[in-house]
Amino acid sequence: METIKNDLKKVILDKKIILVDVKDKKAVKSVFADFLKVLSGNEFEDILRVGKLLAFKLKRNEYLLIHLKMTGQLIFCDKKKCIAGGHNFPAAENNPTKFTRAVFKFANKSELYFNDMRRFGYLKIVDDDNFKKIKKAYGVEPISKEFDLKNFKKTIQGKKKNIKAVLMDQSLIAGIGNIYADEVLFEAGIMPTRPAGRLSEKEQKEIFKAIKIILKRAIKHRGTTFSDYLDAKGEKGNFTRFLRVYGRAGKKCYKCRGIVKKIKIGGRGTSFCPKCQK
DNA sequence: AAGATTGTTGCTTA
DNA sequence: TTAAGCAACAATCT
């Protein structure tokens with residue numbers, strides 16, 4: 001989401017929105033007429049990110065919220081090229097696809113496609129007050145300065161839930177999902193099943209450090225399932241190569257050469273190394 | 001063909 | 001009252 005936000009900020013700000021072609025009304029979680037009314041003729045002034053939620057700031061203190069959930073994509077196209085963000089998208093140049101739920105059309109003929117195969121994602125207009133309320137429901141931004149060791153210790157203090165569930169709890173820490181939770185705990189050498197409140201000082205510090213390292217690395221690689229243009233051969237990009245434990249069940253651990261295991265925690269697939277993570 | 005899949009919400013239970 | 005646990009949401013792929 002951080003990558004998508006940064007990429008889109010370069011191209012869609014201060015462009016007049018001529019119309020929004022909504023192909024799937026279910027994707028819009030506001031009163032439909034209001035949604036169109038707020039957007040038409042408006043402009044995006046900024047893009048903010050709250051955890052995995054994107055907030056496109058509009059004129060008159062309103063925001064377009066976009067959540068991509070599992071399979072959402074945002075693809076911006078102008079005359080020259082398409083840039084894209086989101087999960088496993090097909091050829092950016094083939095838009096609209098059968099999964100295109102809405103198209104934002106700008107005055108200069110450029111377009112923003114909201115695609116979503118599984119239809120979990122949504123678009124929503126909120127005012128300033130509402131946005132503040134939504135933001136409040138999220139925990140600290142882990143890449144911010146405000147998130148320091150002291151803050152983290154306080155966050156996990158007394159928690160009986162396992163550490164993986166705590167890392168993924170958006171109301172505690174914003175933005176860590178299933179993949180990065182596994183990566184963080186592998187980096188820190190901690191078993192995902194450990195009750196968060198019973199980790200030692202040293203372990204807490206290791207996890208804190210790992211959060212910073214993993215997120216920094218992920219952003220450096222432009223996110224996990226982000227792929228940009230098709231290359232000259234028409235092949236899809238793949239940027240999951242920097243992952244060290246997620247999706248590697250049955251393979252050799254990069255640290256100890258033992259076998260990476262997979263279990264279920266809270267209904268989610270969880271990859272870990274039983275030898276390296278205690 | 002059953003079980004898996006990157007996220008969140010809202011209900012039930014403790 | 002709050003925290004934890006879990007099904008549900010939908011559509012694909014293996």
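Protein chains get the first letters and strands the later ones, always in sequence-line order, with residue 1 at the start of each.
For the pair A:Q73 CD and B:dG7 P, the computed distance is 16 Å after rounding to whole Å. Between A:M1 atom CE and B:dG7 atom C1' there is a gap of 10 Å when expressed in whole angstrom units. Atom-to-atom, CD1 of A:I176 to P of B:dT8 comes out at 12 Å; the value is rounded to the nearest Å. Between A:M168 atom CE and B:dT8 atom C1' the separation is 10 Å, expressed in whole Å. Rounding to whole angstrom units, CG of residue A:L167 and P of B:dT6 are separated by 16 Å. Here B:dG7 presents its P atom at 11 Å from CG of A:D182, a figure rounded to the nearest Å.
Nucleotides C:dA10 and B:dA1, compared at atom P, are 23 Å apart to the nearest Å.
The backbone N or O of A:S200 sits less than 3.5 Å from a side-chain atom of A:E203, completing a donor-acceptor pair.
For A:A174 against A:G51, the heavy-atom pair with the smallest separation is CB-CA, 3.7 Å. Here the closest heavy-atom approach between residue A:N162 and residue A:T193 is recorded as CB-O, 3.5 Å. Shown here for A:I176 and A:Q170, the closest heavy-atom pair between the two residues is O-NE2, 3.0 Å.
For A:H67 and B:dG7, the shortest distance from a side-chain N or O to OP1 or OP2 is not below 4.0 Å. Within the structure, every side-chain polar atom (N or O) of A:K69 is placed at least 4.0 Å from both OP1 and OP2 of B:dT8. In this structure, A:Q170 reaches the B:dT8 phosphate: one of its side-chain N or O atoms is under 4.0 Å from OP1 or OP2.
Counted by atom type alone, A:D116 and A:T71 present one or more donor-acceptor pairs between their side chains at under 3.5 Å. A:N108 and A:D78 form no side-chain donor-acceptor contact under 3.5 Å, judged by distance and modelled atom types alone.
Salt-bridge annotation for A:D169 and A:K159: absent, with no side-chain N of the basic residue lying under 4.0 Å from a carboxylate O of the acidic one.
More than 12 heavy atoms of other residues, nucleotides or ligands sit less than 6.0 Å from atom NZ of A:K212. Sparse packing is recorded around NZ of A:K205, with 12 or fewer heavy atoms of other residues, nucleotides or ligands lying under 6.0 Å away.
With sequence neighbours left out, the ring-ring contact (aromatic ring centres under 6.0 Å, His included) criterion links A:F147 to A:F152, A:F208. With sequence neighbours left out, A:E45 forms a side-chain contact (heavy atoms from CB on, under 4.5 Å) with A:K57, A:K59. By the side chain to side chain donor-acceptor pair (under 3.5 Å) test, A:N178 is found to be paired with A:K164, residues two or more places apart in sequence or in another chain being considered. Looking at residues two or more places apart in sequence or on another chain, you find a side-chain contact (heavy atoms from CB on, under 4.5 Å) between A:K251 and A:R248. Here A:K153 pairs with A:E201 under the side chain to side chain donor-acceptor pair (under 3.5 Å) rule; sequence neighbours left out. For the side-chain contact (heavy atoms from CB on, under 4.5 Å) test, residues two or more places apart in sequence or in another chain that qualify with A:D128 are A:N61, A:Y63, A:K132. Checked against side-chain contact (heavy atoms from CB on, under 4.5 Å), A:I219 has the following partners two or more places apart in sequence or in another chain: A:E2, A:I143.
Nucleotides of DNA chain C nearest to A:K98 and A:A165 differ in position, and the one nearer the 5' end is that of A:A165.
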Please enumerate all protein N or O atoms sitting under 3.5 Å from an N or O of nucleotides 12-14 of chain B, with distances to 0.1 Å.
none

Enumerate the protein-to-nucleotides 2-5 of chain B contacts in which both atoms are nitrogen or oxygen and the separation is below 3.5 Å.
{"from": "B:dA4", "atom 1": "OP2", "to": "A:K264", "atom 2": "NZ", "distance (Å)": "3.4"}
{"from": "B:dA4", "atom 1": "O5'", "to": "A:K264", "atom 2": "NZ", "distance (Å)": "3.4"}
{"from": "B:dT5", "atom 1": "OP1", "to": "A:K262", "atom 2": "NZ", "distance (Å)": "3.1"}
{"from": "B:dT5", "atom 1": "O2", "to": "A:R118", "atom 2": "NH1", "distance (Å)": "3.2"}

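The span of DNA chain C lying next to chain A, judged by atoms under 4.0 Å from heavy atoms, is bounded 5' to 3' by C:dA4 to C:dT12.
Residues of residues 190-198 of chain A having a heavy atom closer than 4.0 Å to DNA chain B: none are found.
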Problem set entry | Strand DNA chain B as a dot-bracket string - pairs counted if Watson-Crick or G-U with both distances under 3.5 Å, | where the partner lies in another strand | .||||.||||||||

